[in-house]
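All heavy atoms count here, side chains included; hydrogens, waters and symmetry mates do not. In each ligand, atom 1 is the first atom listed, and ligand 1 is the first ligand listed.
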Amino acid sequence: MKLWGGRFEKQTAKEVDDFHSSIHFDYRLYKQDILGSIAHAKMLGKQGIISLEESQKLVSGLEKILKDIENGQVKFSISNEDIHMNIENLLIQEIGEVGKKLHTGRSRNDQVALDVRMYTKDMINQIIGLLVNLEKALVKIAQEHTLTIMPGYTHLQKAQPITLAHHLMAYFEMFRRDIERLLDCKKRVDSMPLGSGALASTTYALDRNWVAQELGFSSITRNSLDAVSDRDFIIEFLSCCAIIMMHLSRFCEELILWASQEFQFAEMDDGYSTGSSIMPQKKNPDVAELIRGKTGRVYGNLVTILTVMKALPLAYNKDMQEDKEALFDSIDTVIKCIDIFTHMIKTTTFNKEKMYDQASKGFTNATDAADYLVKKGLPFRSAHEVVGKLVLYCIKEGKSLLDLSLDEYKEFSSIFEEDIFDAISLETCVNQRNVPGGPSPSYMKSAIEEASKWLEEISK
Ligand code: ARG
């Protein structure tokens, strides 16, 4: 008989068992479920709601089941619906009648909220750890490339020279925000819902704060109705995951471009590339493409849960069981993607010569030529026009700004002197951008130092 079978005269239809059971995916909450039950059982004993002896029996039974599961000795059953009732049933089989006391003052509604919160907290910590590894890898590569000049783009058109360090540290900032977002999200996950019961709390004198402390939560939920209806913390967390994937996807897109014959800025290691079954010459950036592609499912999972939750009346509804597959899939995907991306970027080689060569084409120093005239007294708008005409002349002549003679410059403005050549060298362009946030090697060094300190702090 089902644990809730008392008021039923017939069994659930076979296809319904299969349809509404969640054990095939929520089994992964077994540890959180058991730890939560152990804390609950201890508290029931401490409060005199059950005897200390009974409490002790529940605890050792649950510990035994945890071990059995971890040793692969447990087979969960579909007719027990979900992880919560599977474990409760196992407990009753293990220790007999007293096992039936575990669910005193508790509902699966607050139980599942607890388990998912505990699980999400663990996963947030794990994902932050992986992001920190990625950040460390980026800092290390950036350190080696503060002098590696490359073109910066807007509209995918060459814009101004920057450095590879500057470019990589831009991604560092994105992942820093991701870590901060996860830490902030964790504050709201970190609230203990047990004691909310099915919806209206409980008549037993539960010590909710004690359970919270025992399970490492920093607060308890404040409204029982909200606590069992709330999946905001999953939505927030899935939003964090979606943003992480968006960042990874942008980075992958750039690596894919950079690895192309057209760019040749970077080459992914053989271990992170694949070949073609027909074209012998091919080396494809499949790993980067797959990460970019997997971003879609992580976005999808966020939309899934937003849609499931919209218009649900308070309190618990079975619709909410649909939260888990979306949550688990995003977790698995994000963990795999960050980890493999970190290995891939660590083993990617960058072609400094190509980057420099490309930065010297496409008039990336045109702004600096205009700034040169401004510094000599010409208003910026007029300087912009002079250099615009110079660029047009160069395009017609097939030259770059650095190829022109001073005489040619003078035809466009008498202000130009011999020092124009130094003023628009790529090195000057980069070195002069020395304000906080800019690509100059000296600022980048301090930015990288600050980044390393922050990483040390966050890893403590
Ligand atoms: N398996 C359920 C879920 O994941 C657990 C809660 C069930 N509660 C209920 N009243 N049916 O949402």
Indicate every side-chain donor-acceptor pair of residues 68-76 with a distance under 3.5 Å to a residue at least two apart or in another chain.
unit_1: Asp68; atom_1: OD2; unit_2: Lys64; atom_2: NZ; d: 2.9
unit_1: Glu70; atom_1: OE2; unit_2: Tyr30; atom_2: OH; d: 3.0
unit_1: Asn71; atom_1: ND2; unit_2: Lys67; atom_2: O; d: 3.3

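- In Gln261, the CD atom is not crowded: 12 or fewer heavy atoms of neighbouring residues, nucleotides or ligands sit closer than 6.0 Å.
- Lys318 pairs by the side-chain hydrogen bond (donor to acceptor under 3.5 Å, both in side chains) definition with Glu81, Gln321, not counting sequence neighbours.
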Distances for all N or O pairs of ligand 1 and the protein under 3.5 Å?
unit_1: ligand 1; atom_1: 1 (N); unit_2: Ser22; atom_2: OG; d: 3.3
unit_1: ligand 1; atom_1: 1 (N); unit_2: Asp82; atom_2: OD2; d: 2.9
unit_1: ligand 1; atom_1: 1 (N); unit_2: Gln321; atom_2: OE1; d: 2.8
unit_1: ligand 1; atom_1: 4 (O); unit_2: Lys324; atom_2: NZ; d: 2.5
unit_1: ligand 1; atom_1: 8 (N); unit_2: Asn109; atom_2: OD1; d: 2.9
unit_1: ligand 1; atom_1: 10 (N); unit_2: Asn109; atom_2: OD1; d: 3.1
unit_1: ligand 1; atom_1: 12 (O); unit_2: Tyr316; atom_2: OH; d: 2.4

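- For the residue pair Asn434 and Ser442, a side-chain donor N or O sits within less than 3.5 Å of a side-chain acceptor on the partner.
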Hey, can you pull the donor-acceptor pairs under 3.5 Å for the side chains in residues 134-155, sequence neighbours left out?
unit_1: Glu135; atom_1: OE2; unit_2: Arg176; atom_2: N; d: 3.1
unit_1: His145; atom_1: ND1; unit_2: Thr148; atom_2: OG1; d: 2.7

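- Environment of CZ in Arg250: sparse, with no more than 12 heavy atoms of neighbouring residues, nucleotides or ligands closer than 6.0 Å.
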